[in-house]
Amino acid sequence: MPEALIPVQLLWVNLVTDGLPATALGFNPPDHDIMRRPPRNSREPIVGKWLFFRYMIVGIYVGAATVFAYAWWFLFYTEGPQISFYQLSNFHRCSSLFPEIGCEMFTNIMANRATTMSLSVLVTIEMLNATNSLSENESLLTLPIWSNIYLVLSIILSMALHFAILYIPFFTHLFAIVPLNLAEWKAVLWISLPVIFIDEAMKFISRTFIDDISRPNPYLPRFSDLLSRVSNFSIIESTLREGEQFANAFFDTAKKIEIARALDDFGVEYIELTSPAASEQSRQDCIEICKLGLKAKILTHIRCHMDDAKIAVETGVDGVDIVIGTSSYLREFSHGKDMDYIANAATKVINFVKSKGIEVRFSSEDSFRSDLVDLLALYRTVDKLGVDRVGIADTVGCANPRQVYELVRTLRGVVSCDIECHFHNDTGCAIANAYSALEAGATHIDTSVLGIGERNGITPLGGFIARMYTANRDYNKSKYKLHMLRDLENLVADSVSVQVPFNNYITGYCAFTHKAGIHAKAILNNPSTYEILKPEDFGMTRYVSIGHRLTGWNAVKNRVEQLGLCLNDEQVKKVTAKIKELADIRPQSMEDVDNLLREYHYAVESGNVMKFENGLTATNGS
Ligand SMILES: CC(=O)SCCNC(=O)CCNC(=O)[C@H](O)C(C)(C)COP(=O)(O)OP(=O)(O)OC[C@H]1O[C@@H](n2cnc3c(N)ncnc32)[C@H](O)[C@@H]1OP(=O)(O)O
Ligand SMILES: O=C(O)CCC(=O)C(=O)O
């Protein structure tokens with residue numbers, strides 16, 4: 001095709017569009033939802049992938065529309081020459097192929113008209129694009145063009161300048177263009193306007209799927225985080241493997257079976273058992289548990305060693321979890337092998353387990369203190385061998401959630417199989433790390449009941465459930481029998497001779513106890529004010545404690561109503577003051593409080609309230 005625009009015209013477009021409208025955009029008002037957006041990550045690129053894609057789409061449209069405007073004039077315009085596309089695109093061979101059409105049209109005033117169409121479309125589209133840029137994501141319907149009056153003025157001025165070069169003869173000559181008529185201007189508008197709709201569609205996608213700017217809470221999971229498995233994960237319950245490494249643990253066969261059944265009933269997807277290479281009884285127990293026909297898949301955990309693998313595959317397990325240390329500590333002080341040896345051993349053991357048609361997972365022990373390049377190369381190798389999962393283990397509990405997120409996210413880009421994560425709790429990060437791992441794309445999390453395991457253990461099942469329930473209540477309620485958690489924890493606590501901690505997640509005795517008056521009032525009005533977990537979902541009950549100096553009259557009034565007593569607000573406030581007086585001396589049981597309320601109520605009913613109050617004070621003072 002002939003050249004649609006010459007350099008001076010392109011310079012003009014730059015001058016008109018980059019000058020006034022671009023400057024006016026600096027006066028854009030803020031988006032309406034600006035305060036609901038989370039702060040931008042400082043490491044996020046200014047132009048991310050999606051924004052770049054948007055620019056490409058709009059850019060392609062601008063280019064196509066400019067060229068089309070030129071072609072339109074030659075091909076479709078009723079007052080134009082109406083030649084064919086073949087003729088237009090072979091204009092340089094016009095004199096030899098189709099001289100009858102009059103080849104001078106490609107150089108004379110007709111060509112200038114087509115050029116003017118192109119130029120005008122480009123200028124108009126740029127004005128519309130400036131309008132689109134009032135906001136990156138907000139629609140023009142809610143943030144209209146007149147919200148930036150400078151933009152309106154600059155567009156008017158820019159178009160006036162464009163009209164000037166179109167209709168003042170000196171400039172038309174200078175720019176090699178011609179004045180357009182009404183029909184041509186209509187075509188300019190029709191060709192330019194779609195850019196508004198294209199950008200509105202892009203903004204809609206950004207708002208709905210990419211930026212989540214409509215989220216009321218900026219800290220909820222982002223829809224854009226497509227890798228996140230927060231609502232699609234499996235639990236590998238390792239009480240009967242990692243848990244057996246807890247200092248107090250000794251599980252006989254009957255106890256293991258009882259725990260396995262309880263875990264299965266609760267709904268965990270996998271149960272991991274101690275290596276059958278550990279002892280003859282461990283091997284027998286493994287066989288017995290496999291025979292139970294549980295819904296959960298049974299795994300056993302072995303060293304990356306053919307001897308262990310051969311024993312494991314004979315037990316009837318559904319899968320084998322292979323592990324080997326990759327950090328310099330473990331390579332030097334545990335097994336003494338280098339990365340090449342590890343890769344070769346892994347290949348042999350994985351191929352062997354796979355040949356038995358059962359699941360195989362390969363994990364690196366002490367992943368967070370391993371060399372990242374070595375680690376990723378190893379994972380890539382085992383992924384290619386066809387493992388079902390690779391595992392990351394924070395064996396010493398050194399990792400924090402950010403490090404976990406980064407490692408899992410990196411690994412997610414390297415392997416296509418599932419990713420399992422195992423977090424020790426030495427620094428109290430095990431639950432948060434598990435959550436971060438899922439956010440980054442991990443698929444399986446290792447837990448043990450009450451977190452029991454080597455040293456102070458791993459991600460506790462109950463705490464993990466609390467975290468995941470908070471992220472997606474329905475998903476967790478549909479997968480697990482949450483009300484069984486307490487029995488499960490009591491069973492394991494008894495088996496290993498420990499108490500369930502007072503502040504245990506969900507089942508600790510004070511997990512749903514509310515004490516301070518301010519809390520109690522709000523809880524009684526709406527439990528969600530101070531409860532992120534619904535006790536009834538876990539078969540637990542809420543308790544509002546009132547026999548103490550931190551109580552308040554709202555909590556006391558509630559108790560008065562529960563007891564069916566009749567006191568007005570002033571009377572409740574007075575009796576609350578009495579409770580505080582007494583509780584300053586010693587804590588009051590619920591029975592003490594109830595007796596006091598009944599006595600006070602009786603005194604009110606019988607008209608002896610003054611006497612009662614004085615007597616009470618005297619008793620306290622004595
Ligand atoms: C971080 C974790 O929790 S990993 C899981 C830990 N689980 C267990 O240890 C299961 C219980 N363990 C046991 O019963 C025993 O340690 C056994 C049966 C596994 C091995 O017992 P032993 O042969 O007496 O060896 P020992 O326990 O003293 O040392 C471990 C051996 O395994 C080797 N080893 C350690 N980790 C690995 C591994 N991941 N892959 C292959 N070999 C390993 C060590 O080099 C050492 O070999 P060596 O006998 O040549 O010195
Ligand atoms: O097999 C695994 O992934 C974890 C092994 C383990 O217990 C650990 O590394 O702490």
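None of the values given here were measured: they were computed from a predicted structure. Indexing begins at 1, ligand by ligand and atom by atom, following the structure's order.
With no hydrogens or angles considered, no side-chain donor-acceptor pair links D446 and S238 at under 3.5 Å. Under 3.5 Å, the side chains of N526 and T529 contain no donor-acceptor pair of N or O atoms. In this structure, a donor-acceptor pair under 3.5 Å is present between the side chains of Y379 and S364. Side-chain contact annotation: T395 with E365, donor-acceptor N/O pair under 3.5 Å absent. For the 3.5 Å distance criterion, the side chains of S206 and R54 qualify, holding a donor opposite an acceptor.
Proximity of the aromatic rings of Y435 and F464 is defined here by a centroid distance below 6.0 angstrom, and this criterion is not met.
Given atom 43 (C) of ligand 1, the protein heavy atom at minimum distance is R303 CD, 3.6 Å. At the shortest separation from atom 12 (N) of ligand 1 among protein heavy atoms lies A278 CB, 4.6 Å.
Residue contact check for ligand 1: K337 places no non-hydrogen atom closer than 4.0 Å to it. The shortest heavy-atom distance from E454 to ligand 1 is not under 4.0 Å. For the ligand labelled ligand 1, residue S275 lies outside the 4.0 Å heavy-atom shell.
Counting only residues at least two apart or in different chains, ring-ring contact (aromatic ring centres under 6.0 Å, His included) contacts with residues 485-516 are absent.
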Check each N or O atom of ligand 2 against all protein N or O atoms and list the pairs under 3.5 Å, with atom names and distances to 0.1 Å, one per line.
unit_1, atom_1, unit_2, atom_2, d
ligand 2, 1 (O), H301, NE2, 2.6
ligand 2, 1 (O), R361, NH1, 3.2
ligand 2, 1 (O), R361, NH2, 2.8
ligand 2, 3 (O), R361, NH1, 3.1
ligand 2, 3 (O), S363, OG, 2.8
ligand 2, 7 (O), R241, NH1, 3.2
ligand 2, 7 (O), R241, NH2, 3.1
ligand 2, 7 (O), E242, OE1, 3.0
ligand 2, 7 (O), H422, NE2, 3.0
ligand 2, 9 (O), T395, OG1, 2.6
ligand 2, 10 (O), H422, NE2, 3.3
ligand 2, 10 (O), H424, NE2, 2.9

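Distances between N or O atoms of A277 and those of ligand 1 include no value under 3.5 Å.
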